[in-house]
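Below: one structure, written as structure tokens.
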Amino acid sequence: MKLFDMTGAPNPRRVRVFLAEKGIDVEKVQIDIMGGENLQSNYLAINPRGVLPTVQLDDGSIIDETSAICRYFEETNPEPALYGQDAVSKAQIESWIRQIEGDAFAPTADVLRNSNPAFENRSIPGTDNTPQVPALADRGTDRVKAFYARLDNHLAGSDYVVGENYSAADITAMCAIDFAEYVGIAVPKALGNITKWRNRVSSRPSAQA
Ligand SMILES: N[C@@H](CCC(=O)N[C@@H](CS)C(=O)NCC(=O)O)C(=O)O
């Protein structure tokens, strides 16, 4: 099995943190997105979408989409459970991952990819050569700030994003917020619930993966 990975890219990091929490070791192959290696024929033969992360199983099967990859490993290595223990927590974790992807990851990517010249004609990840739309950068910043405020309210009195247990929702939120800060959208100091939660999840050894 191989994990096609790029150190420094936020979605591959979600898989590495997840694997570290599970104690699973997988061979990693670095693909240089900034150098366009994900858009070259060798990688497109593995994943025609040209996106990372991707897992290739020993029988050649391909899995992409970060949460789908993590769910595969949740099935093969159920402990510790990171996608919930019961019907309610499983559904809430799914809900939060979708919210974080849509309301934090995607708008942060909009900011970076529609403002940085390095992403000219690459404003959408993968093979589509989409031109930049500068207005999406401002909108993205506003959307991430709105997400921060909502998450901070949600975390009042809670150690984790869903219930009393660390989960894939915490991994998704940690990687999304670190990505947003890298892009320049700092968590406001007044949002103390996020800061406390962030210190808690970022101090786990897996956060360094
Ligand atoms: N929805 C996808 C998003 C994957 C994605 O956007 N990956 C980025 C790296 S973080 C990528 O492949 N970028 C390729 C590019 O910029 O061309 C997932 O959850 O895995």
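Just so it is clear, the values below take in all heavy atoms, side chains as well, and ignore hydrogens, waters and symmetry mates. One-based numbering, in listed order, for ligands and for the atoms of each.
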Thinking salt bridges, do [X] and [Y] make one under a 4.0 Å N-O criterion?
X      : Y      : result
Asp5   : Arg13  : no
Asp178 : Arg198 : yes
Glu94  : Lys90  : no
Lys22  : Glu79  : no
Arg71  : Glu65  : no

Can you tell me if Pro53 has a non-hydrogen atom under 4.0 Å from ligand 1?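 Yes, that is the case, since the closest heavy atom of the residue is under 4.0 Å from the ligand.
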Please verify whether a non-hydrogen atom of Pro12 lies at under 4.0 Å from ligand 1.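 Right, Pro12 reaches ligand 1.
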Suppose I only count heavy atoms of [X] and a 4.0 Å limit; which atoms of ligand 1 are within that range?
X     : value
Val51 : 12 (O)
Asn11 : 3 (C), 4 (C), 5 (C), 6 (O), 7 (N), 10 (S), 19 (O)
Pro10 : 10 (S)
Thr66 : 18 (C), 19 (O), 20 (O)

Can you check whether Ser67 has an N/O within less than 3.5 Å of an N/O in ligand 1?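 Between Ser67 and ligand 1 (N or O atoms, distance only) the closest approach is not under 3.5 Å.
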Ligand 1 to Gly126 polar contact by distance, N or O atoms, under 3.5 Å: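 Yes, at least one N or O pair falls under 3.5 Å.
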Which bit of [X] gets closer than 4.0 Å to ligand 1, counting heavy atoms only: side chain, backbone, both or neither?
X      : answer
Asp64  : neither
Arg113 : side chain
Ile33  : side chain
Ala109 : neither

Ring geometry between Tyr166 and Tyr160 (parallel below 30°, tilted from 30 to 60°, perpendicular above 60°):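 Rings of Tyr160 and Tyr166: perpendicular, over 60°.
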To the nearest 0.5 Å, what is the distance between OG1 on Thr7 and CD on Gln30?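 Here the rounded value is 3.5 Å.
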